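Input: a single structure, listed below in structure tokens.
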Amino acid sequence: MIFTYFDGTARISDAGLFSPVNTFECGQCFRWLPDENGGYTGVAFGKAANVRVEDGYLRIKCDPSDFETVWRAYFDLDRDYEVLNSVFSIDDFTQRAVSFGNGMRILRQEPFETLISFIFSQCNNISRIRSIIKSLCMLSGEKFEAMGKTFFTFPTALKINSLSERELQSLRAGYRAPYVREAANAVLTGSINFNALRALGTEEARKEIMRLPGVGKKVADCFLLFGLQKYDAFPADVWIKKVFANYPGITPSRFGEFAGIAQQYFFYYARENKLESPKGEIISDACEKKEKHNT
DNA sequence: GAACAGGTGAAGT
DNA sequence: ACTTCACCTGTT
């Protein structure tokens with residue numbers, strides 16, 4: 001890794017593939033927002049940064065000490081995505097998906113934030129997920145200043161656990177709110193311990209996290225992949241099910257130990273291109289077609 | 001208004 | 001084991 005730090009910005013010359021838009025819009029995170037220069041600004045691990053690519057350099061505007069301690073790992077800068085992409089490109093469809101999402105990086109996010117965020121994500125759309133998380137951070141995160149702007153950290157389990165019913169209700173998270181409270185409580189009491197989960201295999205860790213109410217296989221796999229870096233976790237949502245239905249050759253097992261990363265290319269491609277399911281095929285039994293009769 | 005949006009879990013076959 | 005359904009809320 002070759003980089004210089006000058007004028008408040010880490011400039012990396014050999015960052016390899018890095019596309020801010022594909023990284024931050026591929027659906028793995030909810031707290032990074034675009035700026036006017038094709039860059040993105042966000043918060044992780046209690047720190048703020050702005051990221052952009054210019055003249056072939058990756059430029060991360062941040063506190064000098066944070067590049068090595070936070071952002072280098074967070075942006076997964078030590079992984080060669082070119083190698084990964086060529087390993088993934090086993091057929092025409094995969095090539096299209098990888099090419100579409102070229103420069104996407106799977107962020108090494110914080111376990112707690114990832115868990116809570118994906119609990120919010122169930123049967124919800126992206127803009128609303130973002131809005132709920134933003135409200136949560138403004139309500140109970142810590143306010144701090146960086147780069148001349150105001151930011152909020154993601155709240156701790158303690159802060160979330162101590163929210164009143166009224167405060168929780170103000171997030172407009174609906175039926176997901178009690179799930180979030182339970183998750184925070186489990187972390188607080190030690191019933192769920194992220195370091196212990198890290199030491200487990202993917203299967204065992206999934207089983208453990210699924211003990212939480214509101215955490216089924218899909219949310220669990222997002223947590224494992226984005227929050228615990230269990231790269232073989234393969235979240236299968238409605239879009240991935242459309243991929244499976246259209247391209248029977250695509251199965252998690254074909255992509256090895258980093259199948260979860262391949263999954264993110266598929267998800268992003270399918271969602272952005274509004275991949276349809278084959279006619280007559282039933283893709284999901286949830287949130288799709290249901291007659292709701294309110295009493 | 002009804003349908004839909006990155007699921008889950010309980011209850012019914 | 002597989003299918004159906006309710007669940008909050010905001011948007012189209």
Side-chain angles (χ1 to χ4, degrees), chain A residues 22-32 97 100-101 104 106-107 109 113-136 139 160 163-183 186 192 206-227 233-246 250 252 259-277 280-295:
Chain A
N22 289 344
T23 296
F24 299 116
E25 304 290 354
C26 76
Q28 64 178 322
C29 58
F30 305 98
R31 291 238 288 152
W32 288 83
F100 179 82
M104 174 198 78
I106 296 298
L107 304 172
Q109 303 185 60
E113 173 171 343
T114 309
L115 176 63
I116 300 300
S117 297
F118 282 92
I119 288 175
F120 283 135
S121 81
Q122 64 180 258
C123 210
N124 224 337
N125 60 56
I126 302 242
S127 75
R128 220 164 77 85
I129 300 165
R130 285 195 171 126
S131 144
I132 292 169
I133 293 170
K134 184 182 176 190
S135 302
L136 177 66
L139 178 67
I160 291 179
L163 290 175
S164 68
E165 282 304 320
R166 175 182 295 275
E167 287 172 316
L168 209 51
Q169 161 72 22
S170 75
L171 302 177
R172 318 303 292 154
Y175 63 87
R176 306 161 193 85
Y179 300 156
V180 165
R181 185 189 287 290
E182 280 299 311
I192 289 291
R206 180 189 296 120
K207 212 173 108 190
E208 277 301 297
I209 204 67
M210 282 177 67
R211 289 192 293 116
L212 294 172
V215 178
K217 185 161 190 304
K218 195 287 184 171
V219 170
D221 281 341
C222 287
F223 163 75
L224 293 169
L225 177 60
F226 304 129
F234 198 104
D237 76 315
V238 53
W239 291 106
I240 289 295
K241 284 170 185 166
K242 287 177 187 180
V243 171
F244 288 158
N246 280 286
I250 303 295
I261 300 181
Q263 174 277 152
Q264 202 59 24
Y265 286 117
F266 296 140
F267 169 79
Y268 186 43
Y269 180 87
R271 181 165 62 76
E272 295 294 313
N273 295 288
K274 305 204 183 309
L275 187 68
E276 294 295 335
S277 45
E281 189 98 11
I282 294 183
I283 297 307
S284 171
D285 52 4
C287 242
E288 286 266 310
K289 45 173 160 187
K290 60 184 175 214
E291 302 287 313
K292 193 157 112 181
H293 301 291
N294 291 335
T295 51

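Chain naming here is simple, since letters A, B, ... match the order of the sequence lines and numbering starts at 1 in each. Worth saying up front: this structure is predicted, and the values here are computed from it rather than measured. Note that these values count all heavy atoms, side chains included, but never hydrogens, waters or copies made by symmetry.
Heavy atoms of A/Arg176 sit under 4.0 angstrom from at least one base atom. A/Gly174 comes within 4.0 angstrom of a nucleotide base, judged by non-hydrogen atoms across all strands. As judged by a 4.0 angstrom heavy-atom cut-off over every strand, A/Gln169 is placed among residues touching the sugar-phosphate backbone only. Within 4.0 Å of A/Ile126, counting heavy atoms only, lies at least one base atom of the nucleic acid. Within 4.0 Å (heavy atoms only), A/Phe267 reaches at least one base atom of the nucleic acid. Using a 4.0 Å heavy-atom cutoff across all strands shown, A/Leu171 reaches no nucleic acid atom at all. Across all strands shown, A/Pro213 has heavy atoms under 4.0 Å from sugar-phosphate atoms exclusively, and none from any base.
In DNA chain B, consecutive stretches of 3 or more Watson-Crick or G-U wobble pairs with both distances under 3.5 Å are given as paired ranges: B:2-5 with C:9-12, B:7-13 with C:1-7.
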Protein-nucleotides 11-13 of chain B N/O pairs under 3.5 Å:
none

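Atoms OG1 and CG, on A/Thr114 and A/Leu225 in that order, are 9.5 Å from each other to the nearest 0.5 Å. Between the CZ atom of A/Phe244 and the OG atom of A/Ser277 there is a distance of 14.5 Å, given to the nearest 0.5 Å. Between A/Gln28 atom CD and A/Ile106 atom CD1 the span is 4.5 Å, to the nearest 0.5 Å.
Note on A/Gln28: every side-chain N or O is 4.0 Å or more away from OP1 and OP2 of B/dG6. At the phosphate of C/dG10, OP1 or OP2 sits under 4.0 Å from a side-chain N or O atom of A/Arg172.
When rounded to the nearest whole Å, the span between OH of A/Tyr265 and P of B/dG6 equals 22 Å.
Within 3.5 Å, a donor on the side chain of A/Lys218 pairs with an acceptor on the base of B/dG6, or the reverse.
Residue A/Phe118 is the one, among A/Val215 and A/Phe118, whose nearest nucleotide of DNA chain B lies closer to the 5' end (criterion: closest heavy atom). Summary of the strand contacts: A/Ser127 and A/Gln122 both lie near DNA chain C, and taking for each the nucleotide with the nearest heavy atom, the more 5' one is attributed to A/Gln122.
Residues A/Arg130 and A/Glu25 are paired through a salt bridge, judged by an N-O separation under 4.0 Å between the basic side chain and the carboxylate. Electrostatic pairing of A/Glu165 and A/Arg181 counts as a salt bridge here, judged by a charged N lying under 4.0 Å from a carboxylate O.
Tested against A/Phe100, the residues A/Tyr265, A/Tyr268, A/Phe266 include a single ring-ring contact (aromatic ring centres under 6.0 Å, His included) partner, A/Tyr268.
Note: A/Phe24 and A/Trp32 have parallel aromatic rings, judged against thresholds of 30 and 60 degrees for the angle between ring planes.
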Legend entry - From CA spacing to verdict: salt bridge (Lys or Arg N to Asp or Glu O under 4.0 Å), A/Lys241, A/Asp237: CA-CA 6 Å; A/Lys241 284 170 185 166; A/Asp237 76 315; over 6 Å; no
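Of the possible polar contacts, none joining the A/Glu272 side chain to the A/Tyr269 backbone as a donor-acceptor pair under 3.5 Å is found.
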